[in-house]
Amino acid sequence: LTNKEKQEFHKKTISGRDVYGGDGITPDETIKSIKLTKFQNKLLDQIFLFSVKLANGNIKGLENYKTSNQISFGHRINPGEFPITKEVFESFREFALKDTKSGITTNQIDNEVKFISERIRYNLASAKYGNISAQQVLVEQDAQILKAVDILPNAKELALSSRKFMMN
């Protein structure tokens with residue numbers, strides 16, 4: 001909307017907060033959603049294939065990551081579950097670099113430690129507990145959700161403020 005159009009649609013809530021019609025609701029706090037890069041998308045297959053081997057206990061020295069064949073639905077995943085240790089990450093790096101056709105380099109992998117680790121955890125959680133429970137791993141790092149939790153206490157203050165104005 002242009003500034004003139006915004007002025008035409010400018011209103012105030014009963015508590016005095018500015019709102020603008022005609023363009024949807026603009027949130028008080030905006031957080032950009034994270035989009036995967038081309039390289040991160042390229043890594044997803046490698047991460048999945050590695051995670052399958054890891055969950056099946058087929059990576060030497062990391063057999064303790066083996067999950068049972070029966071999914072245990074409805075589990076609450078704690079932050080310490082499925083730790084991505086230095087050994088796990090190095091095993092992934094070795095696994096990914098074996099695929100010479102992919103063109104993936106050591107530097108590219110090392111620049112995506114957080115992303116790779118999160119996705120391996122997600123895949124392990126999915127193998128053991130199912131996709132719905134595994135979403136908890138991704139939520140732990142979601143900037144929009146983390147911000148919402150951070151500002152949630154403000155909602156009570158806003159509601160009380162609105163209630164005061166309604167009473168007057």
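These figures come from a predicted structure and were not determined experimentally.
- The distance from atom OH of Y65 to atom CZ of R121, rounded to the nearest 0.5 Å, is 10.0 Å.
- Counting only heavy atoms from C-beta outward, the side chains of F89 and I109 approach each other to under 4.5 Å.
- Counting non-hydrogen atoms of other residues, nucleotides and ligands closer than 6.0 Å to CZ of F48 gives a total of 12 or fewer.
- By the 4.5 Å heavy-atom criterion applied to side chains, L138 and R119 are counted as neighbours.
- Once rounded to the nearest 0.5 Å, the distance linking CG of L62 with OG1 of T85 reads 6.0 Å.
- Between the E63 side chain and the G61 main chain, a donor and an acceptor come within less than 3.5 Å of each other.
- The CG atom of N41 lies 12.0 Å from the NZ atom of K35; values are rounded to the nearest 0.5 Å.
- Here the closest non-hydrogen pair linking S51 and I120 is OG-CA, 3.7 Å.
- The side-chain heavy atoms of D110 and R93, taken from C-beta on, include a pair separated by under 4.5 Å.
- Looking only at side-chain heavy atoms (C-beta outward), Q108 and E112 stay at 4.5 Å or farther from each other.
- Side-chain contact check for F39 versus I104: some heavy-atom pair is nearer than 4.5 Å.
- The minimum heavy-atom distance between A55 and A127, with the atom names listed, is CB-CB, 4.0 Å.
- With rounding to the nearest 0.5 angstrom, the OG atom of S126 is 3.5 Å from the CG atom of N131.
- In terms of heavy-atom proximity, F50 sits nearest to V88 at CZ-O, 3.7 Å.
- Within a 6.0 Å radius of CD1 in I132, other residues, nucleotides and ligands contribute 12 heavy atoms or fewer.
- Remark: Y122 OH to Q136 CD distance equals 11.5 Å, nearest 0.5 Å.
- Scanning both residues, E81 and R76, for their nearest heavy atoms gives OE1-O, 4.2 Å.
- Across all their heavy atoms, L49 and F95 have their closest contact at CB-CZ, 3.8 Å.
- The two atoms that bring P83 and G80 nearest to each other are CD-O, 3.4 Å, heavy atoms only.
- In this structure, the separation between CD1 on I84 and CG on L124 is 5.5 Å, given to the nearest 0.5 Å.
- Between N123 and L54, every side-chain heavy-atom pair lies at or beyond the 4.5 Å cut-off.
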